[in-house]
Number of protein chains: 2
Amino acid sequence: MAKKTHRIERRTDALSRERIVAAAIEILDSGGEGALTVRALAAHLATGSGAIYWHVADKGELLAAATDEVIARVMSEVAGGTKPREAIRAVALGLFDAIDVHPWVGTQLFREPWRPAMLEIIESVGGRLQALGVPHAAQFDSASALVHYILGVAGQNAANARVHAPDTDRSAFLTSVAAQWDALDPAKYPFVRQMATQLRDHDDRAQFLAGIDLILAGIGTVRSGGADEPPDAAPISI
Amino acid sequence: MAKKTHRIERRTDALSRERIVAAAIEILDSGGEGALTVRALAAHLATGSGAIYWHVADKGELLAAATDEVIARVMSEVAGGTKPREAIRAVALGLFDAIDVHPWVGTQLFREPWRPAMLEIIESVGGRLQALGVPHAAQFDSASALVHYILGVAGQNAANARVHAPDTDRSAFLTSVAAQWDALDPAKYPFVRQMATQLRDHDDRAQFLAGIDLILAGIGTVRSGGADEPPDAAPISI
DNA sequence: ACCTGAACACCGTTCAAGT
DNA sequence: ACCTGAACACCGTTCAAGT
C-alpha cells in the first residue's frame, strides 16, 4: 500500500445504504465500536451527517445491517461440509474467525432473534442437527444449546478485544489474564487459580471447538425417548 | 472561628461507594441500561454529578461494581446443593433468575475475566466439575463450555428484555417472535420455521436447564483418556 | 475529606434550506 | 429525490470553588 494514499474526500458515487453499511464496517473494524459515530461516518463518506439518515433509520439499524452483512458473508463461505458434524464445526469455526476479525459483531449478535444474522446461524446449525438424525423432540433444545454457546464465546471474545490494546495479540492478553488469575486468593478461588496455567497456554480456538464437540457429544446421548427402545439401540452416528 | 471544635455532622445518608452502587442497581432495574445516567444517579442521591466521581472512577466501574454485587448475592444464595450435579444446576438457575430480574446484568457479564462476577461463576461451576470427578485434563474445557453457554443465554435474555416493553411478559414476547419466525420463507429458513410453534409454547427456563444437562451429558462422555482404561469402566456418576 | 454544579467536549438526531 | 450542516437535546467527565 502506498504510504501517501490518503482517502480522497470527493465522492464519485451517490450515497446508498450499501455504501453506508460498507463504510460502517470499515470504521468498526479499524477503530472498534467506539469509533463509529455518525460524524465520523459522514466524514468518511464525505457528506453531511443528515445524509446518513436518508438511507438508514438510526444507528441501531446501521449496526444491525453491518452485522447481517458480515454473518451472511461467513455463512456463504462455509457452505460446504459433506457430513453434518463437520458442517456444524465449520460453521462454528467460521463464526469464531469472523468475530476475531470483526470483534464488534460478537456484541451485535445479541439482537432481535428475527434478524437475518441470528436466523442464518440458527438455520445453519439446526438444519445440520436434523441431518445428523437428532430426534425431532430434541432438535429445538439442541440447536438452542449450540447457538447460545456460540453466542457466549462470541460475546466474550468481543469483550476481550475491547479490553486489550488493538495491537496486543491473543497470547499476550491470555498471559496477562493468567497472571491475574494466578494472583488470586487460593482459599477463595482454588479452581480458577488451578486453571491459570492452562489459560496461559491454551488455544482459544481449539477450546471453542472442544466446547462444540462436548455439546454434540451430549446431544448424541439423547435417544428418541421411547421407553420401549433399548438404551444402546441405534446410537446416533456423530 | 473555632470551626475545628464544631462537630461536623455527617449526613446519615452520606454518600458512599456502596450507596451509589445500590442506587445504580435500583435505576438499572426499574429503567434499564438507558436510564442510568450520571445526572439521574446524582438526582436520585440528591447530590451533584461530580460527587459520584469522588467514590467511583467512571461509569464503567460503576456498572462493573453493580454486576459484581448482584452476582455475589446470587452465588451466596444458591450455595447449597449436596450433589455436584444439582449444585451446578442450582447455580445456573440462580443466574438465569437473577438476569430475569436484572436484565442489564446479562450484558455486563461480558467484562474483564478477572472481575469478581466472572471469577465467582467460573469458580462455582468449575469447583463442582472437580467434585463430579471430571478428569483434570477435561476440567478447563468443560468449565469453559458451561460458562460460555450460561453467558450466551444471559446475553440473549438481556437483549430480549431490551427489545420488548417492560410490561410485556415472556409469553407475549415469545408469541411475537414465533409469529416472525412463522412468516419466514420456508425455502430459506425451513428449520427455523419448523421451530416457530415450539418457540411459542416452550419454557425458556426449562430449555436453559436442558442445555445445561446436554453439556453435562457431553462432559460425562469424557473419560480420563488413559488407553489402559476400559471405555465402560468407572463411568462418571452424573 | 467530601461535595457542588457550571463548563467542556462530545454524542445521535432533526429539519429548514438547498440542489 | 437527495443532500447539507447548523441546531437541539442530550451525554460522561472535569475542576475551581465551596464546606
Side-chain angles (χ1 to χ4, degrees), chain A residues 7-28 30-67 104 107-108 111-112 162-163, chain B residues 1-28 30-67 104 107-108 111-112 162-163:
Chain A
R7 177 156 248 289
I8 314 251
E9 300 96 31
R10 194 182 63 251
R11 207 176 62 240
T12 55
D13 287 342
L15 268 186
S16 68
R17 189 185 150 94
E18 295 79 54
R19 271 174 45 81
I20 291 172
V21 170
I25 292 176
E26 269 182 49
I27 294 173
L28 286 163
S30 60
E33 298 170 68
L36 183 67
T37 66
V38 179
R39 280 166 178 78
L41 187 58
H44 191 101
L45 291 162
T47 184
S49 56
I52 310 289
Y53 289 89
W54 182 262
H55 300 275
V56 169
D58 55 24
K59 206 186 162 183
E61 194 200 300
L62 182 60
L63 252 354
T67 305
W104 51 274
T107 309
Q108 294 302 319
R111 288 206 149 259
E112 303 89 356
R162 231 176 286 131
V163 169
Chain B
M1 298 294 281
K3 282 264 177 174
K4 280 182 176 176
T5 60
H6 183 79
R7 183 167 54 104
I8 297 169
E9 301 248 5
R10 293 190 144 253
R11 285 157 57 188
T12 52
D13 59 340
L15 269 187
S16 69
R17 189 184 150 94
E18 295 78 56
R19 268 176 46 80
I20 291 172
V21 170
I25 291 175
E26 270 182 49
I27 293 173
L28 287 162
S30 60
E33 297 169 68
L36 183 68
T37 66
V38 179
R39 281 165 179 78
L41 186 58
H44 194 271
L45 290 162
T47 185
S49 56
I52 310 288
Y53 288 90
W54 183 262
H55 300 274
V56 170
D58 55 24
K59 207 186 162 184
E61 194 199 300
L62 182 60
L63 252 353
T67 305
W104 50 275
T107 309
Q108 294 303 319
R111 288 205 151 259
E112 302 89 356
R162 232 176 285 131
V163 170

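To find a chain, count down the sequence lines: A is the first, B the second, and so on, and within it residues start at 1. All values below were derived from every heavy atom in this structure, side-chain atoms included, with hydrogens, water molecules and symmetry-related copies excluded.
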Asks: Return the value, rounded to whole Å, for the distance between atom NZ of B:K59 and atom P of C:dC10.
Replies: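 After rounding, the gap between these two atoms is 18 Å.
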Asks: Round to the nearest Å and state the distance from A:D58 atom CG to D:dA9 atom P.
Replies: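 It is 20 Å, rounded to the nearest whole Å.
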Asks: Measure across A:A66 and A:V21 and return the closest heavy-atom pair with its distance rounded to 0.1 Å.
Replies: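 Minimum heavy-atom separation between A:A66 and A:V21: CA-CG1, 3.8 Å.
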Asks: Less than 4.5 Å apart, side chain to side chain, heavy atoms only: is that true for A:I52 and A:L45?
Replies: yes
Asks: Which pair of heavy atoms, one from B:A35 and one from B:I27, lies closest together, and at what distance?
Replies: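 Minimum heavy-atom contact is O-CG2, 3.5 Å.
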Asks: Using whole Å, report how far CG of B:L62 lies from C1' of D:dT13.
Replies: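 Whole-Å distance recorded here is 14 Å.
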Asks: Would you kindly give the CZ-to-P distance between B:R39 and C:dG5, to the nearest whole Å?
Replies: 13 Å
Asks: Could you tell me which non-hydrogen atom of B:K59 sits nearest to which non-hydrogen atom of B:L36, and how far apart they are?
Replies: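 Reported closest heavy-atom pair: NZ-O, 2.9 Å.
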Asks: Identify whether any heavy atom of B:L36 sits under 4.0 Å from a base atom; if not, whether one sits that close to sugar-phosphate; answer base, sugar-phosphate or nothing.
Replies: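 Counting heavy atoms under 4.0 Å across all strands, the contact made by B:L36 is with sugar-phosphate only.
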Asks: Within this structure, what is the CG-to-P distance between B:L41 and C:dC3, rounded to whole angstrom?
Replies: 13 Å
Asks: Look at the side chain of A:S49 and decide which nucleotide, out of C:dA7, D:dC3, D:dG5, has an atom nearest to it.
Replies: D:dG5
Asks: In this structure, which stretches of DNA chain D are paired as stems of three or more consecutive Watson-Crick or G-U pairs, both distances less than 3.5 Å?
Replies: C:4-8 with D:12-16, C:12-16 with D:4-8
Asks: Would you say that A:L62 contacts A:V38 through its side chain, given a criterion of any heavy-atom pair below 4.5 Å between the two side chains?
Replies: no
Asks: For D:dC2, does OP1 or OP2 lie under 4.0 Å from any side-chain N or O of A:W54?
Replies: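 Yes, A:W54 has a side-chain N/O under 4.0 Å of OP1/OP2 on D:dC2.
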Asks: Would you say A:H55 places a side-chain N or O within less than 4.0 Å of OP1 or OP2 belonging to D:dC3?
Replies: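 So the side-chain polar atoms of A:H55 do come within 4.0 Å of the phosphate oxygens OP1 or OP2 of D:dC3, strictly under.
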Asks: Go nucleotide by nucleotide along DNA chain C from the 5' end; which of B:A51 and A:T37 gets its closest nucleotide reached first?
Replies: B:A51
Asks: Can you tell me how far P of C:dT13 sits from CD1 of A:I20, to the nearest Å?
Replies: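 Atom CD1 in A:I20 sits about 13 Å away from atom P in C:dT13.
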Asks: With DNA chain C as reference, determine whether A:G50 or B:G50 sits nearer its 5' end, using the nearest nucleotide of each.
Replies: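 Checking each residue's closest nucleotide, the 5'-ward one belongs to B:G50.
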Asks: Which pair of heavy atoms, one from B:L41 and one from B:A24, lies closest together, and at what distance?
Replies: CD1-N, 3.7 Å
Asks: Rounded to the Å, how far apart are B:L15 CG and D:dT19 P?
Replies: 18 Å
Asks: Determine whether a donor-acceptor pair (N or O, by modelled atom type, separation under 3.5 Å) exists between the side chain of A:R19 and the backbone of A:A14.
Replies: yes
Asks: Please report the distance, rounded to the nearest Å, between CZ in A:R17 and C1' in D:dC2.
Replies: 17 Å
